[in-house]
Amino acid sequence: MLRFWFSIPLWQRVIAALVLGIVTGLLWGPEAASIKWIGDFFIKSIKMLVVPLIFVSIVAGVASIGDLRKLGEVGWRALLLFVVTGQIAVWLGLGLGTLFAPGEGIDTSAIQRGPTPQPNETSAVDMILSIVPESPVAVMADAQVLPLIVFALLIGIGIVMAKEEGQSVARLFDGGAAVMQKVTMVVMELTPFGVFALMAWVAGTLGQDALVALAKLVALNYLGCLLIIGVMYTAMIRLLAKLPVQHFFRGIVDAMAVAYSTASSNATLPVTLRCTQRNLGVSRPTSSFVVSLGATINMDGTAMYLGLATLFGAQIFGVDLSFGDYLLISVLATLGSVGAAGIPGSGLIMMALVFGAVGVPLETIAFVAGVDRIMDMMRTATNVTGDAAVTTAVAVMTGEIDREEMISADDV
Ligand code: ASP
């Protein structure tokens, strides 16, 4: 029985759980709320992974480059591309959410609402100060991702500066990253149960209108991701890297497929590395650094989704957003995508960061969580494609690519 269960690919079990959950909810009605705790259990388990995963993977990624000058040369270009593409992606999500209004017209009075988060009155200076971790331990305990990233980058740089002496620590983090990926795989096994319970709850308490709204959200998530891949990354490869687009996509199709089925940029990392090095001809140090960093901080699919989902939450709960709120969302969604770990469902967790700032009820998270997996798969494929596109563009700009190898890689 157990063997049969594990012989079915996880994504197929998740889709089956989704359908079963909807049917159960529609038949069972509001009583289905009694199993929502299973979904909460699942969401909590994902949250548990976020801090250790971000920390070890960024330290390991930075440490792997091994040379400070190279780190700077490659690093600033990669960061600039990460930020610019992230911003374009969020505004795309906000545009799609405004244009198609997927959350308009559902009655959410059956959802028990906790206190609505108050919009934060943080100034720009407060925001800058908040990225410096006063106490790294407190930052970890409170899961504050941005200061955590800063701390992790510094530790990585320290390891590089310590050269030989730092090697034992570097190996520790390398091992830690591998262990955390395995732990992630274990937690992912909870997904079918969480998805089943959450879908039964949504369908049971809110009925068909809610399902139609969720279907629209899923469709817009796919449309947004396809636009990012088909327009933004294609332009980056053509105009910045000046390489043939079809070679690029042929070179990374394996990584895209693994990303789609695992919904984890981190789990896909070994495949993305292999594709960028072997199929695209990017040098090993550059690809290790940019791809590992990108797997954690470059998530355009997630950024787009955070913009879209915030509008969705505002629409279903009738929260009015001003243009100032849109600007705040654009900054926070980019930061949220930076802070999201490359594991399944982390985009979902990052919603709290954005929602809190503009007063969108946190109940939206549980509401969309049941369909998150299907959207996550597409977001992750987009994120991984973005990592490979930025890595390739930066490699071309810094002369770290073997063009011959790429052009001749017809048999990839
Ligand atoms: N699962 C995504 C990734 O690994 C992040 C997300 O949830 O959007 O890239």
Side-chain angles (χ1 to χ4, degrees), residues 10-11 14 42-43 45-50 52-54 56-58 61 82 85-86 89-90 92-93 143 145 149 177 180-181 183-185 187-188 190-191 194-195 217-218 220-222 224-225 228-229 233 252 255-273 291-310 312 332-354 364-365 368-391:
L10 183 64
W11 67 271
V14 171
F42 162 62
I43 296 178
S45 314
I46 302 174
K47 280 191 182 163
M48 166 182 82
L49 301 175
V50 173
L53 216 117
I54 294 183
V56 291
S57 56
I58 294 200
F82 289 166
T85 52
V90 186
L92 175 67
V145 276
I149 289 178
M180 282 314 297
Q181 280 179 24
V183 177
T184 307
M185 294 299 162
V187 170
M188 274 162 72
L190 292 175
T191 315
V195 165
L217 181 70
V218 173
L220 287 176
N221 175 79
Y222 272 73
C225 286
I228 292 175
I229 296 176
Y233 297 152
I252 59 148
M256 289 175 84
V258 174
Y260 190 80
S261 50
T262 59
S264 165
S265 300
N266 279 359
T268 314
L269 197 63
V271 189
T272 322
L273 282 172
V291 172
S292 322
L293 194 65
T296 313
I297 72 172
N298 179 48
M299 298 196 179
D300 298 333
T302 307
M304 186 281 304
Y305 176 66
L306 286 175
L308 176 64
T310 311
F312 182 77
L332 290 176
T334 312
L335 294 183
S337 70
V338 168
I343 56 169
S346 65
L348 189 74
I349 307 302
M350 283 299 140
M351 286 178 168
L353 174 83
V354 190
T364 313
I365 299 179
V368 299
V371 286
D372 188 65
R373 178 70 183 206
I374 328 174
M375 297 192 281
D376 196 2
M377 292 162 80
M378 191 63 211
R379 294 200 300 262
T380 311
T382 311
N383 295 343
V384 165
T385 311
D387 297 338
V390 170
T391 305

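Whatever order the structure lists ligands and atoms in, that order sets their numbers, starting from 1. FYI, side chains are in, hydrogens and waters are out, and symmetry mates aren't considered; it's all heavy atoms of this structure.
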Within-4.5 Å side-chain heavy-atom neighbours: T302 and M350
no

Record the part of V384 in heavy-atom contact with ligand 1 below 4.0 Å; permitted values are side chain, backbone, both and neither.
neither

Element-labelled atoms of ligand 1 that are located less than 4.0 Å from some non-hydrogen atom of A263
1 (N), 4 (O)

For atom 9 (O) of ligand 1, the closest protein heavy atom turns out to be S265 OG, 2.5 Å

Atom 1 (N) of ligand 1: closest protein heavy atom, distance to 0.1 Å, is D376 OD1, 2.7 Å

Run the numbers on M351 and V368 for side-chain contact (heavy atoms from CB on, under 4.5 Å), then give the verdict.
CA-CA 11 Å; M351 286 178 168; V368 299; 3.7 Å; yes

Of all heavy-atom pairs between N221 and L308, which one has the smallest distance, and what is that distance?
N-CD2, 3.8 Å

Should F82 and V338 count as side-chain neighbours, where that means a heavy-atom distance under 4.5 Å?
no

Side chain to side chain, V218 and M378, heavy atoms closer than 4.5 Å:
no

Run the numbers for me: atoms of ligand 1, each under 4.0 Å from some heavy atom of T302, listed by number.
5 (C), 6 (C), 8 (O)

Any side-chain heavy atom of R373 within less than 4.5 Å of one from L10?
yes

S264: numbered ligand 1 atoms lying under 4.0 Å from its heavy atoms:
4 (O)

Quick test of your reading of the structure: of P344, S346, A381, A340, whose heavy atom lies closest to atom 5 (C) of ligand 1?
S346

Where is the nearest protein heavy atom to atom 7 (O) of ligand 1: which residue, which atom, and how far?
G347 N, 2.7 Å

